[in-house]
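One structure is given below, encoded as structure tokens.
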Amino acid sequence: MNNYEYVSDVSGNRFLSKVYMWMFLGMLLTAVASYAVMSSASLQATMFSIMWILIIIEFGIVIFLIWKIKSMSPSTAAAAYIFYSVASGITLTPILTWYTEASIFLVFLISSGMFIGMSLVGYFTKRDLSVYRRFFMMALIGLIVAMIVNMLMWFISPATASTMSVLVSVVAVLLFAGLTAYDTQKIKRIGQSMEHGTPYSQNLAIICALNLYLDFINLFIHMLRLFGQRR
């Protein structure tokens with residue numbers, strides 16, 4: 001390995017570590033927010049009454065971060081990410097209340113293991129995963145369409161919708177496992193090629209952390225739907 005490759009790898013690893021630090025912070029805030037809401041009946045009633053507002057705000061924050069990531073200050077990007085993580089914990093609560101605490105914890109451990117495993121695949125593989133970018137994007141769009149159709153099917157044929165829900169979750173688990181490897185490799189390469197220590201590099205770490213955060217959250221939710229034990 002020549003000196004350039006060594007410096008490039010060190011830069012990539014340093015950036016990836018910062019990304020995972022932000023992701024861990026987001027997951028921690030999500031867990032705390034969700035636990036706080038689940039532990040208080042009055043807080044649940046308050047938050048559930050504004051659930052759709054929070055979901056819309058979440059989408060708005062993602063769009064805001066993507067469009068303005070180059071021009072916003074690092075403090076603004078960090079604040080937006082932190083608020084998103086807290087709001088996500090609140091909006092996850094209705095789903096979590098369907099399952100026992102033991103099964104939530106078990107599925108979380110399994111999802112974490114899958115996430116770490118696929119991250120390691122993305123980090124160490126020599127195969128260029130960017131060639132699968134178009135496939136992942138098309139699969140993601142197809143998954144969103146299938147989820148919308150599945151929601152409508154509950155009003156027409158609950159039995160069909162229940163079967164379709166299982167299939168959608170299986171596809172989602174496979175998709176987000178693949179996206180975890182893809183995003184990890186992409187983030188490593190970004191870190192190897194970017195200029196460090198700039199405000200934009202700090203913002204980029206946050207948006208990359210958001211990508212991995214969304215990969216994990218979606219993986220966890222669909223694993224919970226497949227293997228979680230209902231109350």
Practice prompt. Just jot down the ring-ring contact (aromatic ring centres under 6.0 Å, His included) partners of Phe216, sequence neighbours excluded, or say none.
Written response: Phe108, Phe115
Practice prompt. Check ring-ring contact (aromatic ring centres under 6.0 Å, His included) between Tyr20 and all other residues, then give those that pass, not counting sequence neighbours.
Written response: none
[X] side chain near [Y] side chain, heavy-atom distance below 4.5 Å:
| X | Y | value |
| --- | --- | --- |
| Ile206 | Leu210 | no |
| Val171 | Val168 | no |
| Met72 | Leu65 | yes |
| Met51 | Thr93 | no |
| Trp98 | Ile104 | no |
| Leu214 | Tyr84 | yes |
| Trp22 | Tyr213 | no |
| Gln185 | Arg127 | no |

Judged by atom type as modelled, is there a donor-acceptor pair below 3.5 Å linking the side chain of [X] to the main-chain atoms of [Y]?
| X | Y | result |
| --- | --- | --- |
| Ser103 | Tyr99 | no |
| Ser40 | Ala36 | no |
| Ser162 | Ala159 | no |
| Lys188 | Tyr123 | yes |
| Gln44 | Met38 | yes |

Nearest 0.5 Å, please: how far is [atom2] in [Y] from [atom1] in [X]?
| X | Y | atom1 | atom2 | answer |
| --- | --- | --- | --- | --- |
| Met223 | Leu106 | CE | CG | 8.5 Å |
| Leu224 | Gln229 | CG | CD | 11.0 Å |
| Lys18 | Leu204 | NZ | CG | 10.0 Å |
| Leu219 | Leu212 | CG | CG | 12.0 Å |
| Thr184 | Leu16 | OG1 | CG | 6.5 Å |
| Ile66 | Ile63 | CD1 | CD1 | 7.5 Å |

Worksheet item: Under 6.0 Å between ring centres, would you say that holds for Tyr182 and Phe136?
Response: yes
Do you reckon [X] sits in the same ILVMFWY cluster as [Y], going by side-chain contacts under 4.5 Å, direct or chained?
| X | Y | value |
| --- | --- | --- |
| Leu179 | Val121 | no |
| Ile53 | Phe64 | yes |
| Leu167 | Ile141 | no |
| Met118 | Met137 | no |
| Ile56 | Met147 | no |

Worksheet item: For Ser88 and Ser85, does a side-chain donor sit closer than 3.5 Å to a side-chain acceptor?
Response: no
Fill in: Pair Thr91-Glu58, side-chain donor/acceptor within less than 3.5 Å
yes
Response to the item:
Contacts satisfying salt bridge (Lys or Arg N to Asp or Glu O under 4.0 Å) that involve residues 210-230 (not counting sequence neighbours) are none
Ignoring hydrogens, what is the shortest heavy-atom contact between [X] and [Y]? Give both atom names and the distance.
| X | Y | result |
| --- | --- | --- |
| Asn203 | Pro74 | OD1-CA, 3.1 Å |
| Val19 | Ala205 | CG2-O, 3.8 Å |
| Tyr81 | Ala209 | OH-CB, 4.2 Å |
| Arg189 | Ser130 | NH1-OG, 4.3 Å |
| Cys208 | Ile190 | SG-CD1, 4.2 Å |
| Thr125 | Gly122 | CG2-O, 3.9 Å |

Item to complete: Verify side chain to side chain contact (heavy atoms under 4.5 Å, CB included) between Ile57 and Phe83, making sure each step is shown before the conclusion.
Response: CA-CA 10 Å; Ile57 290 175; Phe83 186 86; 3.5 Å; yes
Partners of [X] by side chain to side chain contact (heavy atoms under 4.5 Å, CB included), sequence neighbours excluded?
| X | value |
| --- | --- |
| Ser73 | Ser75, Thr76 |
| Val86 | Leu29, Ala33, Ile90 |
| Thr160 | Met153, Ser157 |

Worksheet item: Between Leu143, Ile221, Asp183, which is the residue that forms a side chain to side chain contact (heavy atoms under 4.5 Å, CB included) with Phe176?
Response: Leu143
Discussion item. For a side chain to side chain contact (heavy atoms under 4.5 Å, CB included) check, start with the C-alpha distance between Ser112 and Phe220, then their side-chain angles and the critical distance, and finish with the verdict.
Written reply: CA-CA 8 Å; Ser112 298; Phe220 169 68; over 6 Å; no
Fill in: From CA spacing to verdict: side chain to side chain contact (heavy atoms under 4.5 Å, CB included), Ile217, Leu92
CA-CA 9 Å; Ile217 287 294; Leu92 273 175; 4.0 Å; yes
Worksheet item: Going through the distances and angles, do Arg133 and Asp128 end up as a salt bridge (charged side-chain N to carboxylate O under 4.0 Å, His left out)?
Response: CA-CA 10 Å; Arg133 180 178 181 276; Asp128 183 8; over 6 Å; no
